[in-house]
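This report concerns only the one structure given below.
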Number of protein chains: 2
Amino acid sequence: MTPRSTERSSYHHGGLRQAVLAAALEVIAAEGPGALSLRDLARRAGVSHAAPAHHFGDRTGLLTAIAAQGFELLADTLAGGTTLADRGRRYVRFAAGHPAHFQVMFAPALLRADDPDLAAARERAGAELRAGVAAPPGRDARATGIAAWSLAHGFATLYLTHNVDDAVGGVPPEEYFDGLTGFLTDPRD
Amino acid sequence: MTPRSTERSSYHHGGLRQAVLAAALEVIAAEGPGALSLRDLARRAGVSHAAPAHHFGDRTGLLTAIAAQGFELLADTLAGGTTLADRGRRYVRFAAGHPAHFQVMFAPALLRADDPDLAAARERAGAELRAGVAAPPGRDARATGIAAWSLAHGFATLYLTHNVDDAVGGVPPEEYFDGLTGFLTDPRD
DNA sequence: GGCGCAGTCTTGTCAGTGGCTAGATTCGCG
DNA sequence: CGCGAATCTAGCCACTGACAAGACTGCGCC
């Protein structure tokens with residue numbers, strides 16, 4: 001009754017929302033968000049060109065849904081983390097494993113900024129990000145968190161944009177990142 | 001003979017390439033690269049819709065030209081730097097001062113990867129980036145450079161995407177970044 | 001069981017866009 | 001002065017996003 005594939009006999013698709021999201025992630029990962037075409041996604045799902053609009057409103061709505069899903073996934077990924085270094089590693093692995101989500105999450109021009117689902121998901125991820133950041137003596141905890149976030153986010157971005165391919169080689173990026181974590185001052189002094 | 005403004009009496013514009021580039025930067029800074037419309041840029045410059053194509057080939061060509069210009073500007077900005085921290089500060093200031101360039105430079109999906117001008121400009125900026133990175137004892141110089149680059153790039157990105165607005169407040173971002181530089185281990189041990 | 005309603009999908013349409021081709025105009029250089 | 005090359009125009013086509021109006025169907029409620 002609920003044909004999740006592109007094959008479909010009934011009038012209703014049954015899993016259109018999921019199908020469109022999945023197809024969108026493929027396209028974005030391969031060619032970037034600019035290459036997204038709602039009509040193409042509709043064709044891939046085997047529905048008419050206007051069907052996706054019902055679920056997402058418009059193009060911005062679709063990207064906003066993807067971003068919200070991304071922040072949820074990121075929050076889940078970070079939730080199990082122990083140390084600050086471990087959270088950084090998880091952050092990088094998330095970016096490498098979900099490049100499409102990651103791109104869209106940090107492209108505010110593509111998103112509906114006032115979407116409540118997006119705001120909630122972002123807040124949840126932000127809380128996980130800040131959780132358990134112990135400030136080194138004499139250091140502001142918030143600054144410590146931002147330095148760590150910057151390091152992880154910057155490396156992830158540079159990795160995804162192929163700016164550190166030479167250095168990283170075939171090594172999994174989160175593993176290479178472990179070696180970078182050591183550059184942050186540890187709270188030993 | 002060379003009316004650089006949108007007003008134009010002669011058949012030839014005279015400064016179309018510059019005019020289109022400038023208009024494009026405005027649009028990108030305000031609404032992101034996705035909002036770029038070659039036809040809109042042509043209208044702003046007061047020329048026919050196909051005129052820009054002669055200078056840039058296509059949309060990708062225009063963005064590639066912007067990215068190349070951005071890497072040139074970045075190289076110039078970094079060239080005067082002294083310490084690693086100072087280069088980081090300059091990197092952040094460049095991103096904050098040229099948000100449109102910065103966005104496009106690190107959006108490989110939008111660029112013609114094999115463009116020789118882009119490759120040359122990127123290489124020049126890369127050389128400035130690597131120049132004078134002294135490795136702390138026992139550290140790989142390349143890893144040191146990547147850590148510093150990641151920190152600066154990550155902070156710049158988070159700043160431009162409004163993810164650290166609360167913490168930074170009204171402070172110039174490169175100034176706030178100075179406080180973050182201290183988290184990188186200095187080569188004193 | 002059947003009925004209505006809300007959710008889902010379709011068809012049709014319109015303006016805007018990118019990119020192509022053919023041609024007009026003008027600049028620069030010999 | 002003249003000619004080739006650079007620049008710009010005009011017209012066209014396929015495609016896209018968004019909207020409106022209508023068809024289909026599953027689900028809950030009586």
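Everything numeric in this text was worked out from a predicted model, so none of it was measured.
- For the ring-ring contact (aromatic ring centres under 6.0 Å, His included) with His153(A), the qualifying choice from Phe106(A), Tyr159(A), Phe94(A) is Phe106(A), the only one to do so.
- Between the CZ atom of Phe56(A) and the P atom of dC19(D) there is a distance of 16 Å, rounded to whole Å.
- Straight-line distance from the CG atom of Leu63(B) to the C1' atom of dT17(C): 15 Å, rounded to whole Å.
- The residue Ala50(A) sits close to a base: some heavy atom pair falls under 4.0 Å.
- Side chains of Ser150(A) and Leu158(B) form a contact here, defined as non-hydrogen atoms less than 4.5 Å apart.
- Here His49(A) lies in heavy-atom contact (under 4.0 Å) with a base.
- Residues Arg122(B) and Met105(B) have side chains not in contact (no heavy-atom distance under 4.5 Å, counting atoms from C-beta outward).
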Assess whether side chain to side chain contact (heavy atoms under 4.5 Å, CB included) is satisfied between Tyr176(A) and Phe155(A), documenting all intermediate values. CA-CA 10 Å; Tyr176(A) 185 93; Phe155(A) 178 73; 3.6 Å; yes

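- Interface residues of residues 20-36 of chain B facing DNA chain C, ordered by number: Leu36(B); criterion, heavy-atom separation under 4.0 Å.
- Scanning atom types as modelled, no donor and acceptor separated by under 3.5 angstrom connect the side chain of Arg59(B) and the base of dG19(C).
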Can you list, pair by pair, the side-chain donor-acceptor contacts under 3.5 Å of residues 19-37 of chain B, counting residues two or more places apart and other chains?
{"residue": "Ser37(B)", "atom": "OG", "partner": "Arg39(B)", "partner atom": "N", "Å": "3.3"}
{"residue": "Ser37(B)", "atom": "OG", "partner": "Asp40(B)", "partner atom": "N", "Å": "3.0"}

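- Across the protein-nucleic acid pair, Arg43(B) atom CZ and dG18(C) atom C1' stand 13 Å apart, rounded to whole Å.
- In this structure, the CZ atom of Arg44(A) is 11 Å from the P atom of dT16(D), given to the nearest Å.
- Evaluation of the salt bridge (charged side-chain N to carboxylate O under 4.0 Å, His left out) test over residues 54-73 of chain A, restricted to residues two or more places apart or in two chains, returns Asp58(A)-Arg112(A), Glu72(A)-Arg124(A).
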